[in-house]
Amino acid sequence: MNRPNSKSLSNRLLKIVSILAMMYLVCLLVIMVTVGFAQADKSHKELEQKLALSLSNTAAIALYVNNKEIADEVISSLLLHEEIDAVRLESDEGVSFSSNHVVDAESSLWVNSNQYRLYSPTDGEPLGTLYIHNNHSVLQQKALSQVFSQVAFALGQFFVTVIALVLVFERIIGKPLTSLSNALNSATPGSTDLIPIDKKNQENELGVVVNSVNTFIENSRHAIERERGLRSQIEHWEQYYRNLAEQDTLTGLKNRLGCEKYVEQVASSSRYIALLLVDLDGFKGINDSYGHAAGDFVLKEIAKRFSTLQLDSNVPGVVGRIGGDEFVIYLALQKTDQELLEDIASDAVRLANLPFAYQSHVFSVGCSVGISVGKTISIDAEKLVHQADQAMYAVKQLNKNDYQFYQAEDNVTNIK
């Protein structure tokens, strides 16, 4: 049986899961990038605030005593961090110390800087301001590096998880579904082979499906067997009743309908049909003298004798009983053979005259035989019987116990 084109359900489920996973990954990456940059910026601000807080006292002292060396130490400590590219200490009286690694104009440089107030170490009054300018390219590079590391780690986890899920899905669902599909495709109506299921899947959904399918296969096989049995019985009885309709119930020979159907069947395989119509002579006297049971016995014996005669002639044909004591012998011929027909008719008369032993009685009958022959190309069964009947009647008019061919009105035999 040809396997129908089909799309794998497991592959479809894997595609859907993969698409959903990719959508989830994209959303996750967008969130991670956004949050990553925000966290990197927050981390730097926290670091900068800690540095400014830890160095604010020293910077205030440098401005308070107007000491350049102390101010340079504070500035150098801050510039050690590559995220900071410019630092300035400025008192409220206008004293300032600064250093920068950029080429921006001094005025715009400090405007864009982060400012932290400095307080006098003696009385705690505002003293000046600490300016810290950030290297934005370095900050972006570090943020990107940090975000990239997080994204790479997340991607690694994602793909490892997806691969593991695919392998587990294929092992638990994909392979059993494929095996079930192949087994179902190879299943044929009436087959005794059931679909196998491994032990680990016997009690899950796949096991339920396989058990249901196996039950269906068993029921289908039994139904097919019952249907075949019923069909065989129907064919048997159809043939029986068909034969019964075409059979004489007493002798088992063909009846009139059976003989007509035989003529129709052999008309295409032979050129001529010869009919020997046999009417028993003296049969009524047996019925009257010995009873109908004796008459039935004679009819059965005549049927056996004529059937044997037809078989021994080696000519295709059939023997039938079409009336009370009327028998017919149909012969299918490829050519007309008057001598052959005369021999068969003569033997029929001889066989009919043989004595019958019934119980303690011995008696005999005779017969009159009328013969007609017709071409199958334009055969008329009723006409053929009518012609043989005329020939048989002519025999009865003469001396009985004889045979005669049908002759037309011009007294010329119709055998050509």
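Predicted model only: the values in this text are computed from it and were never measured. For reference, positions follow the sequence shown, starting with 1.
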What is the distance from atom [atom1] of [X] to atom [atom2] of [Y], rounded to the nearest 0.5 Å?
| X | Y | atom1 | atom2 | result |
| --- | --- | --- | --- | --- |
| L127 | T122 | CG | OG1 | 8.5 Å |
| L257 | D248 | CG | CG | 12.5 Å |
| L130 | L78 | CG | CG | 6.0 Å |
| D281 | S368 | CG | OG | 3.5 Å |
| S307 | L311 | OG | CG | 6.5 Å |
| D41 | E46 | CG | CD | 10.0 Å |

Next item on the list: May I ask you to decide whether R117 forms a salt bridge with D92, counting only side-chain N to carboxylate O separations under 4.0 Å?
Entry: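 Salt bridge: yes.
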Ignoring hydrogens and geometry, is there a side-chain-to-backbone donor-acceptor pair from [X] to [Y] under 3.5 Å?
| X | Y | answer |
| --- | --- | --- |
| D389 | V385 | no |
| S145 | Q141 | no |
| S77 | E73 | yes |
| N255 | A245 | yes |
| R321 | G324 | yes |
| Q310 | I329 | no |

Taking salt bridge (charged side-chain N to carboxylate O under 4.0 Å, His left out) as the definition, give me every residue that meets it alongside [X], ordered by chain and number, with sequence neighbours left out.
| X | answer |
| --- | --- |
| E48 | none |
| D343 | none |
| D279 | K396 |
| E342 | none |

How close do [X] and [Y] get, heavy atom to heavy atom, and via which atoms?
| X | Y | answer |
| --- | --- | --- |
| T251 | A303 | CB-CB, 3.7 Å |
| I344 | S313 | CD1-CB, 3.9 Å |
| Q390 | Y406 | OE1-CE1, 3.0 Å |
| Q49 | Y116 | CG-OH, 4.0 Å |
| N353 | V349 | ND2-O, 2.7 Å |
| G374 | L384 | N-CD1, 3.7 Å |

Kindly indicate whether the side chain of [X], heavy atoms from C-beta on, has any atom under 4.5 Å from the side chain of [Y].
| X | Y | value |
| --- | --- | --- |
| Y330 | V263 | yes |
| S96 | R88 | yes |
| F405 | Q338 | yes |
| L331 | I273 | no |
| D380 | S378 | no |
| H133 | V87 | no |
| I302 | F327 | yes |
| D296 | L250 | yes |

Enumerate, atom names and distances included, each donor-acceptor pair closer than 3.5 Å involving a side-chain atom of residues 53-64, sequence neighbours excluded.
residue, atom, partner, partner atom, Å
S54, OG, K50, O, 3.1
S54, OG, L51, O, 2.8
S56, OG, L53, O, 3.0

Would you find more than 12 non-hydrogen atoms of other residues, nucleotides or ligands less than 6.0 Å from [X] atom [atom1]?
| X | atom1 | value |
| --- | --- | --- |
| I16 | CD1 | yes |
| Q157 | CD | yes |
| E339 | CD | no |

Quick note, salt bridge (charged side-chain N to carboxylate O under 4.0 Å, His left out) partners involving residues 303-320, not counting sequence neighbours, are E301-K304
| Applying side-chain hydrogen bond (donor to acceptor under 3.5 Å, both in side chains), which residue pairs with at least one partner in residues 256-271 are found, sequence neighbours left out? |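 Sorted result for residues 256-271: E246-K261.
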Evaluation steps, side chain to side chain contact (heavy atoms under 4.5 Å, CB included), between V395 and V369: CA-CA 7 Å; V395 175; V369 181; over 6 Å; no
- Task: Apply side chain to side chain contact (heavy atoms under 4.5 Å, CB included) to Y272 and Q334, showing your working.
- Result: CA-CA 6 Å; Y272 297 94; Q334 298 301 329; over 6 Å; no
Taking side-chain contact (heavy atoms from CB on, under 4.5 Å) as the definition, give me every residue that meets it alongside [X], ordered by chain and number, with sequence neighbours left out.
| X | value |
| --- | --- |
| Q39 | V35, Q150 |
| A388 | L275, L277, S372 |
| Y393 | Q397 |
| K68 | D72, F97 |

**OP:** Evaluate side chain to side chain contact (heavy atoms under 4.5 Å, CB included) for V373 paired with L341, printing each intermediate quantity in order.
**Re:** CA-CA 10 Å; V373 180; L341 296 177; 3.7 Å; yes
Residue pairs meeting ring pair (Phe, Tyr, Trp, His ring centres under 6.0 Å), one or both in residues 68-87, sequence neighbours left out, come to none
Might you work through the side chain to side chain contact (heavy atoms under 4.5 Å, CB included) test for Y290 and Q359, ending with a clear yes or no? CA-CA 10 Å; Y290 304 103; Q359 295 181 353; over 6 Å; no
